[in-house]
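Below is one structure, written out as structure tokens, with a few remarks after it.
Quick caveat: nothing in here was measured; it's all calculated off a predicted structure.
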Amino acid sequence: QVQVVESGGGLVQPGGSLRLSCLASGGAFNIYTMGWYRQPPGKQRDWVASITGAHKTTHLDSVKGRFTISRDNAKNTVYLEMNNLRPEDTATYYCHNIYTGDWGKGTLVVVSS
């Protein structure tokens with residue numbers, strides 16, 4: 001089983017930036033397609049971005065130009081760089097190993113003044 005652990009969440013003002021990290025331990029990380037999802041309070045969990053083992057990326061339209069997913073295979077880590085954050089980005093952000101089906105426990109991002 002692959003363990004997935006997120007970090008980097010917190011409270012940030014509108015217009016601010018955060019970088020989330022996701023460490024995936026165990027298995028052949030470099031072949032995994034990894035994804036970031038988010039779940040606002042009281043709402044369903046939705047996909048935000050994903051990246052293949054070959055570094056091909058896709059992003060939700062509403063975050064394009066503000067969020068960037070990337071990975072460092074040497075560190076078994078996936079990142080989500082979030083810029084120009086908005087209050088509507090407030091959510092618990094989850095890392096998902098799309099290849100194995102494993103989920104992290106999430107990291108909370110609150111965008112508020």
Side-chain angles (χ1 to χ4, degrees):
Q1 184 179 3
V2 175
Q3 289 189 326
V4 179
V5 180
E6 306 94 337
S7 62
L11 173 64
V12 62
Q13 293 186 342
S17 299
L18 280 175
R19 187 177 80 159
L20 306 183
S21 299
C22 169
L23 175 63
S25 59
F29 178 79
N30 60 310
I31 70 170
Y32 297 152
T33 293
M34 301 291 296
W36 283 100
Y37 292 69
R38 66 185 180 185
Q39 186 168 16
K43 297 185 179 180
Q44 68 180 21
R45 187 178 303 184
D46 291 323
W47 169 81
V48 175
S50 56
I51 184 167
T52 69
H55 295 253
K56 180 179 179 180
T57 63
T58 52
H59 296 80
L60 181 69
D61 283 348
S62 63
V63 307
K64 283 181 180 177
R66 300 189 299 122
F67 292 10
T68 303
I69 190 171
S70 63
R71 68 191 295 158
D72 184 338
N73 288 343
K75 296 181 178 180
N76 283 17
T77 301
V78 178
Y79 303 98
L80 186 68
E81 184 75 34
M82 305 186 295
N83 298 311
N84 192 20
L85 282 159
R86 304 167 180 169
E88 55 263 39
D89 296 317
T90 294
T92 298
Y93 284 71
Y94 295 90
C95 184
H96 180 43
N97 187 323
I98 296 171
Y99 187 90
T100 65
D102 294 293
W103 289 89
K105 294 183 178 181
T107 185
L108 178 63
V109 173
V110 177
V111 185
S112 176
S113 55

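- Two residues are said to be in side-chain contact when any heavy atoms from C-beta on lie closer than 4.5 Å; Thr77 and Phe29 fail this criterion.
- Here Gln3 contributes atom CD and Leu23 contributes atom CG; the two are 9.0 Å apart, rounded to the nearest 0.5 Å.
- Between Asn76 atom CG and Met34 atom CE the span is 9.0 Å, to the nearest 0.5 Å.
- In plain terms, the two heavy atoms of Gly9 and Thr107 that are nearest each other are N-OG1, 3.0 Å.
- At a threshold of 4.5 Å between non-hydrogen side-chain atoms, the residues Leu11 and Ser112 count as touching.
- The ring-ring contact (aromatic ring centres under 6.0 Å, His included) test applied to Tyr94 returns no partner, not counting sequence neighbours.
- Taking CH2 from Trp47 and CZ from Arg38, the interatomic distance works out to 11.0 Å, rounded to the nearest 0.5 Å.
- Closest heavy-atom contact between His59 and Thr68: NE2-CA, 3.5 Å.
- At least one side-chain heavy atom of Gln44 sits under 4.5 Å from a side-chain heavy atom of Asp46.
- With sequence neighbours excluded, no residue satisfies side chain to side chain donor-acceptor pair (under 3.5 Å) with Asn30.
- A pairwise comparison of heavy atoms in Asp102 and His96 identifies O-ND1, 3.0 Å as the closest pair.
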If you apply the rule ring pair (Phe, Tyr, Trp, His ring centres under 6.0 Å), what do you find for Trp103 with Tyr37, and how did you get there?
CA-CA 10 Å; Trp103 289 89; Tyr37 292 69; 4.9 Å; yes
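- Residues Ile98 and Tyr93 share a single hydrophobic cluster, defined by chaining ILVMFWY side chains whose heavy atoms lie under 4.5 Å apart.
- Two residues are said to be in side-chain contact when any heavy atoms from C-beta on lie closer than 4.5 Å; Val109 and Leu20 meet this criterion.
- Here the closest non-hydrogen pair linking Cys22 and Trp36 is CB-CZ2, 3.6 Å.
- Put simply, Ile31 and Ile69 are part of the same group of oily side chains (I, L, V, M, F, W, Y) that touch within less than 4.5 Å, one to the next.
- Val78 and Val5 fall into different hydrophobic clusters, where Ile, Leu, Val, Met, Phe, Trp and Tyr residues are linked whenever their side-chain heavy atoms come under 4.5 Å apart, directly or through other members.
- Glu6 contributes a side-chain N or O that, together with a main-chain N or O of Cys95, makes up a donor-acceptor pair within less than 3.5 Å.
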In a table with atom names and distances, give each donor-acceptor pair under 3.5 Å that connects a side chain of residues 79-88 to protein atoms at least two apart or in another chain.
residue	atom	partner	partner atom	Å
Asn83	OD1	Ser17	OG	2.8

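- Of the possible polar contacts, one joining the Thr90 side chain to the Val111 backbone as a donor-acceptor pair under 3.5 Å is found.
- Between Phe67 and Leu60, every side-chain heavy-atom pair lies at or beyond the 4.5 Å cut-off.
- Panel note: side chain Arg45, backbone Thr92; no donor-acceptor pair is recorded below 3.5 Å.
- Closest of all the heavy-atom pairs between Thr52 and Arg71 is O-NH1, 2.9 Å.
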